[in-house]
Amino acid sequence: MARTAKLERNTKETQVAVSVNLDGGPVRVSTGIGFFDHMLTAFGFYAKIGLEIAVHGDLEVDGHHTVEDTGIVLGQAVRAALGDRAGIRRYASCYIPMDEALAFTALDFSNRPYLVFDAPMPQPMIGQYDSCLTVEFMRAFAHNAGLTLHQRCLYGENAHHITEALFKSLGMALRDAVRVEGGGVTSTKGVL
């Protein structure tokens, strides 16, 4: 059975289209924010998923709506592609170093959304990307994917490196967590 989903969300602030294939495929991202495109591309690459994202947002205001709404739709698409989550590994974690920064992600596709995020950003801007938007993306993604997500930067001095390590570790952990290892649901309750 194909683990794919294609979703759109259109508001007065953004138009977001996302296609996900959890079993692989090309990664194409266009949000209008260069650094955010770079992060989503890295996420898709390290997750080893097929990912197509096209966003038109009110960037004349700032990047907030674009980043948050992308997280919402991407989370919903991952949730839809997972279906009943039967057979997935469910849990995963990953450390990623990026030069002087070290980031950690632990996650659980529990269907109980929660975010713990501990990654102060030393610089407020990374190109045209507000570094404070990383937590907004992660929150929107986790809540809409039904994901318990813990992320931490253990140390780092460069917001670019910290953010990139967070997105890459998210991708690597997601790759492991959605891997099909059996036939039943990975829960003593029998349902996720």
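The structure presented is a predicted model; accordingly, all values stated were derived computationally and were not measured.
- Legend: residues meeting ring-ring contact (aromatic ring centres under 6.0 Å, His included) with Tyr95, ordered by chain and number and at least two apart, are Phe104.
- Applying the salt bridge (Lys or Arg N to Asp or Glu O under 4.0 Å) test to pairs two or more places apart or on separate chains, those with a residue in residues 5-19 are Arg9-Asp69.
- With Phe137 as the fixed residue, the ring-ring contact (aromatic ring centres under 6.0 Å, His included) test singles out one of Phe35, Phe36, Tyr129: Phe36.
- One finds the CG atom of Asp108 at 7.5 Å from the CG atom of Leu147 (value rounded to the nearest 0.5 Å).
- Side-chain contact check for Leu174 versus Ile49: some heavy-atom pair is nearer than 4.5 Å.
- The shortest distance between side-chain heavy atoms of Arg179 and Asp176 falls below 4.5 Å.
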* Starting from the C-alpha separation in whole Å, work towards a yes-or-no answer on side-chain contact (heavy atoms from CB on, under 4.5 Å) for Ile53 and Val73. => CA-CA 9 Å; Ile53 299 175; Val73 182; over 6 Å; no
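- For residues 123-146, the pairs satisfying salt bridge (Lys or Arg N to Asp or Glu O under 4.0 Å) are Glu136-Arg139, with sequence neighbours left out.
- Applying the side-chain hydrogen bond (donor to acceptor under 3.5 Å, both in side chains) test to His160 and every residue at least two apart in sequence or in another chain returns Glu164.
- For the pair Thr163/Ile126, a side-chain contact is recorded, criterion being any heavy-atom separation below 4.5 Å from C-beta on.
- Met121 and Phe167 fall within the same hydrophobic cluster, defined by Ile, Leu, Val, Met, Phe, Trp and Tyr side-chain heavy atoms under 4.5 Å apart, directly or through other members.
- Dense packing is recorded around CD of Gln123, with more than 12 heavy atoms of other residues, nucleotides or ligands lying under 6.0 Å away.
- The CG atom of Asn144 sits 4.5 Å away from the CD atom of Gln76 when rounded to the nearest 0.5 Å.
- Across Val67 and Ile33, no two heavy atoms sit closer than the pair CG2-CD1, 4.0 Å.
- Two different hydrophobic clusters hold Leu51 and Tyr46 under the rule that ILVMFWY side chains link at heavy-atom gaps under 4.5 Å.
- Between Gly32 and Leu59, the shortest heavy-atom distance links the atoms O-CD1, 3.4 Å.
- Under the salt bridge (Lys or Arg N to Asp or Glu O under 4.0 Å) criterion, Glu68 pairs with no residue at all, not counting sequence neighbours.
- The NE2 atom of His56 sits 11.0 Å away from atom CG of Asn10, with the distance rounded to the nearest 0.5 Å.
- When side chains are defined from C-beta on, Met138 counts as touching Leu170, because their heavy atoms get closer than 4.5 Å.
- Pairs of residues two or more places apart, or lying in two chains, that qualify as salt bridge (Lys or Arg N to Asp or Glu O under 4.0 Å) and include a residue from residues 38-65 are Arg28-Glu52.
- One hydrophobic cluster, built from ILVMFWY side chains closer than 4.5 Å, holds both Val27 and Val55.
- Between the NE2 atom of His65 and the OG1 atom of Thr70 there is a distance of 12.0 Å, given to the nearest 0.5 Å.
- Here Tyr114 sits in one hydrophobic cluster together with Val116; the rule is ILVMFWY side chains under 4.5 Å apart, joined directly or through other members.
- Taking Ser169 as the reference, Thr105 meet the side-chain hydrogen bond (donor to acceptor under 3.5 Å, both in side chains) condition, with sequence neighbours excluded.
- Going from atom CG of Leu102 over to atom CG of Leu154 covers 5.0 Å, rounded to the nearest 0.5 Å.
- Residue pairs meeting the salt bridge (Lys or Arg N to Asp or Glu O under 4.0 Å) criterion with at least one member in residues 145-156, sequence neighbours excluded: Asp118-Arg152.
- Crowding of His38 atom NE2: a count of heavy atoms from other residues, nucleotides or ligands under 6.0 Å exceeding 12.
- Taking CZ of Phe43 as the start and CZ of Arg175 as the end, the distance is 12.5 Å to the nearest 0.5 Å.
- Applying the salt bridge (Lys or Arg N to Asp or Glu O under 4.0 Å) rule to Arg3 yields the partners Asp23; only residues at least two apart in sequence or on another chain are considered.
- Nearest heavy-atom pair, Gly156 versus Cys153, reported as atom, atom and distance to 0.1 Å: N-SG, 4.1 Å.
- Residues His143 and Arg79 approach most closely at O-NH2, 4.3 Å, considering heavy atoms.
- Proximity of Thr66 to Leu133: side-chain heavy atoms (C-beta onward) are nowhere separated by under 4.5 Å.
- Grouping the Ile, Leu, Val, Met, Phe, Trp and Tyr side chains by contacts below 4.5 angstrom, directly or via other members, places Leu7 with Leu40.
- Remark: Glu100 CD is packed, more than 12 non-hydrogen atoms of other residues, nucleotides or ligands lying under 6.0 Å away.
- Between Ala103 and Ala165, the closest heavy-atom pair is CB-CB, 3.5 Å.
- Using a 4.5 Å cut-off between side-chain heavy atoms of Ile, Leu, Val, Met, Phe, Trp and Tyr, Val180 forms no hydrophobic cluster with any other residue.
- Under the 3.5 Å distance criterion, the side-chain polar atoms of Thr4 are left unmatched by any main-chain donor or acceptor of Val20.
- When hydrophobic clusters are built by joining Ile, Leu, Val, Met, Phe, Trp and Tyr residues whose side-chain heavy atoms come closer than 4.5 Å, directly or via intermediates, Phe45 is not grouped with Leu166.
- Listed by chain and number, the residues in a side-chain hydrogen bond (donor to acceptor under 3.5 Å, both in side chains) with Thr31 are Asp37 (sequence neighbours excluded).
- The backbone N or O of Arg112 lies less than 3.5 Å from a partner atom in the side chain of Ser110, making a donor-acceptor pair.
- Among all heavy-atom pairs drawn from Ala145 and Arg85, the shortest one is O-NH2, 2.8 Å.
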